[in-house]
Amino acid sequence: MVPIFSLCRIYGGDKKIFQAAGEGIKDYVFPAMTPFWTDQVPGMKLVREISKQSDLPGQEERVHHYIRGVCSTFFMKEAMEWAKDNGGITGENIKKAMYARKDWAPAGLEGVCLAGNWSEQDHRGTNQVYIYKGNYNEGNVVVEELSLVTIERRDAWLGFNSSLNIAADEASRYFHPLINY
């Protein structure tokens with residue numbers, strides 16, 4: 001018997017997907033760019049404080065796409081701060097700021113935002129992706145991190161559509177040995 005598992009891209013793997021689909025989701029493997037809301041990582045404290053801007057009691061569990069938005073916003077915030085200190089906030093200086101740091105995670109968001117590495121030649125901020133496996137069992141969503149995968153940067157993958165498609169296909173070769181059937 002050949003083991004079968006589900007695989008999707010980053011937009012098909014959050015807890016709301018599991019809740020909408022319900023019973024029967026087993027060993028659903030998917031990539032994500034951030035940890036989950038309930039993960040215990042240092043930078044999640046800041047994300048939860050930011051969330052209280054629209055959820056004062058802090059009770060709403062945010063999907064990891066929300067957390068990605070926080071990361072993107074803070075990368076831009078820090079780039080603008082750098083630009084301000086290095087000639088003024090202009091588009092050109094913000095662009096230079098994005099190239100100025102290597103293995104850069106915004107302050108306070110360590111463990112939440114994957115390290116950014118932008119350059120003049122390559123605007124793909126990161127070449128890493130978390131691999132998760134999720135299950136829906138009797139109303140409970142259980143998600144576990146399997147691995148953090150680093151995908152080789154290939155020039156042929158430059159460009160939005162080709163890099164998304166090829167990187168997802170390439171990443172899938174890492175999944176098989178990570179899954180316990």
Side-chain angles (χ1 to χ4, degrees), residues 8-17 30-56 58 60-132 143 145-171 174:
C8 71
R9 298 206 175 137
I10 62 172
Y11 300 104
D14 64 45
K15 290 185 178 179
K16 290 186 178 192
I17 295 288
F30 58 95
M33 297 303 294
T34 65
F36 277 78
W37 184 259
T38 54
D39 290 348
Q40 299 302 313
V41 296
M44 200 57 77
K45 180 180 179 188
L46 177 57
V47 174
R48 290 187 184 109
E49 288 303 312
I50 292 165
S51 176
K52 288 180 183 177
Q53 296 294 311
S54 61
D55 173 34
L56 292 176
E60 187 171 344
E61 184 174 320
R62 306 293 187 168
V63 296
H64 59 255
H65 310 296
Y66 175 94
I67 300 166
R68 286 179 51 228
V70 171
C71 290
S72 296
T73 301
F74 271 71
F75 276 118
M76 181 59 73
K77 170 192 168 290
E78 289 189 7
M80 292 174 75
E81 290 169 346
W82 185 96
K84 181 180 177 186
D85 294 340
N86 291 276
I89 301 177
T90 65
E92 188 62 31
N93 286 341
I94 292 170
K95 184 169 82 170
K96 289 177 187 175
M98 298 301 286
Y99 305 154
R101 301 179 189 169
K102 299 297 174 223
D103 297 321
W104 164 34
L109 292 170
E110 296 83 2
V112 172
C113 305
L114 291 170
N117 288 291
W118 288 270
S119 72
E120 285 189 54
Q121 297 77 32
D122 192 340
H123 287 185
R124 295 170 289 183
T126 185
N127 62 331
Q128 294 183 307
V129 64
Y130 291 102
I131 307 301
Y132 284 92
V143 176
E145 181 184 328
L146 297 178
S147 182
L148 177 64
V149 175
T150 300
I151 300 170
E152 178 184 351
R153 289 180 186 262
R154 295 183 186 173
D155 289 342
W157 293 359
L158 286 170
F160 179 75
N161 288 330
S162 64
S163 63
L164 277 180
N165 293 331
I166 296 170
D169 293 339
E170 181 73 10
Y174 293 98

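Quick caveat, the model's predicted, so the values are computed rather than measured. Atom set for the values below is all heavy atoms of this structure, side chains included, hydrogens, waters and symmetry mates excluded.
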Scan side-chain atoms only and decide if Arg124 and Ser119 contain a donor-acceptor pair under the 3.5 Å cut-off. no
Using a 3.5 Å distance criterion without hydrogens, assess whether the side chain of Asn127 forms a donor-acceptor pair with backbone atoms of Ile151. yes
Determine whether the aromatic ring centres of residues Tyr132 and His64 are separated by less than 6.0 angstrom. no
Shortest non-hydrogen contact between Phe74 and Ile50, atoms and distance: CE1-CD1, 3.4 Å
Please check this pair: side chain of Asn117 against backbone of Asp103, looking for a donor-acceptor N/O pair closer than 3.5 Å. yes
Residues Pro106 and Cys113: closest non-hydrogen pair is CD-CB, 3.9 Å
Without swapping roles, check the side chain of Gln40 against the backbone of Thr38 for a donor-acceptor pair under 3.5 Å. yes
State, yes or no, whether a side-chain contact exists between Pro35 and Met44 at a heavy-atom distance under 4.5 Å. yes
Could you report the tightest heavy-atom contact between Ala79 and Ala97, atom names first, then the distance? O-CB, 3.3 Å
Could you check if a side-chain atom of Phe36 sits within less than 4.5 angstrom of a side-chain atom of Glu61, using non-hydrogen atoms only? no
Find out whether Thr126 and Met33 are in side-chain contact, i.e. whether some heavy atom of one side chain is under 4.5 Å from a heavy atom of the other. yes
Taking every heavy atom of Leu109 against every heavy atom of Gly43, the minimum-distance pair comes out as CD2-O, 3.7 Å
Please tell me if the side chains of Cys71 and Val112 come closer than 4.5 Å, counting only heavy atoms from C-beta onward. yes
Nearest 0.5 angstrom please: Tyr99 OH to Gln121 CD, how far? 8.0 Å
So, do Arg153 and Asp122 sit near enough that their side-chain heavy atoms are less than 4.5 Å apart? yes
In sequence, state the C-alpha distance, the side-chain angles, and the governing distance for Val47 and Arg62, and then conclude on side-chain contact (heavy atoms from CB on, under 4.5 Å). CA-CA 10 Å; Val47 174; Arg62 306 293 187 168; over 6 Å; no
Contact between Asp14 and Ile17 at the side-chain level, heavy atoms closer than 4.5 Å - yes or no? yes
Residue pair Ile131, Glu145: steps toward the side-chain contact (heavy atoms from CB on, under 4.5 Å) verdict: CA-CA 6 Å; Ile131 307 301; Glu145 181 184 328; over 6 Å; no
Minimum-distance pair of heavy atoms, taken over all atoms of Phe30 and Val143: CZ-CG1, 4.0 Å
N/O donor-acceptor pair under 3.5 Å between Asp39 side chain and Val41 backbone: no
Straight-line distance of Lys95 NZ to Thr90 OG1, nearest 0.5 Å: 10.0 Å
Rounded to the nearest 0.5 Å, what separates atom NZ in Lys84 from atom CD1 in Ile89? 6.5 Å
Whether Ser72 side chain and Arg68 backbone form a donor-acceptor pair below 3.5 Å: yes
So does Ala107 get a backbone contact from the side chain of Glu78, meaning a donor-acceptor N/O pair under 3.5 Å? yes
In terms of side-chain geometry, is the basic nitrogen of Lys77 or Glu81 positioned less than 4.0 Å from the acidic oxygen of its partner? yes
Any donor and acceptor pair, going by atom type alone, linking the side chain of Asp85 with main-chain N or O of Trp82 inside 3.5 Å? no
Do Asn86 and Lys96 have side-chain heavy atoms sitting under 4.5 Å apart? no
When you measure from the centre of the six-membered ring of Trp118, is the NZ or CZ of Arg101 under 6.0 Å away and within 45° of the axis? no
Does a side-chain heavy-atom distance below 4.5 Å link Tyr130 with Leu146? no
Heavy-atom closest pair, residues Pro31 and Val129: CB-CG2, 3.4 Å
State whether a side-chain donor-acceptor pair under 3.5 Å links Trp37 with Glu60. no
Give a yes or no on this: more than 12 heavy atoms of other residues, nucleotides or ligands lie within 6.0 Å of atom NZ of Lys16. no
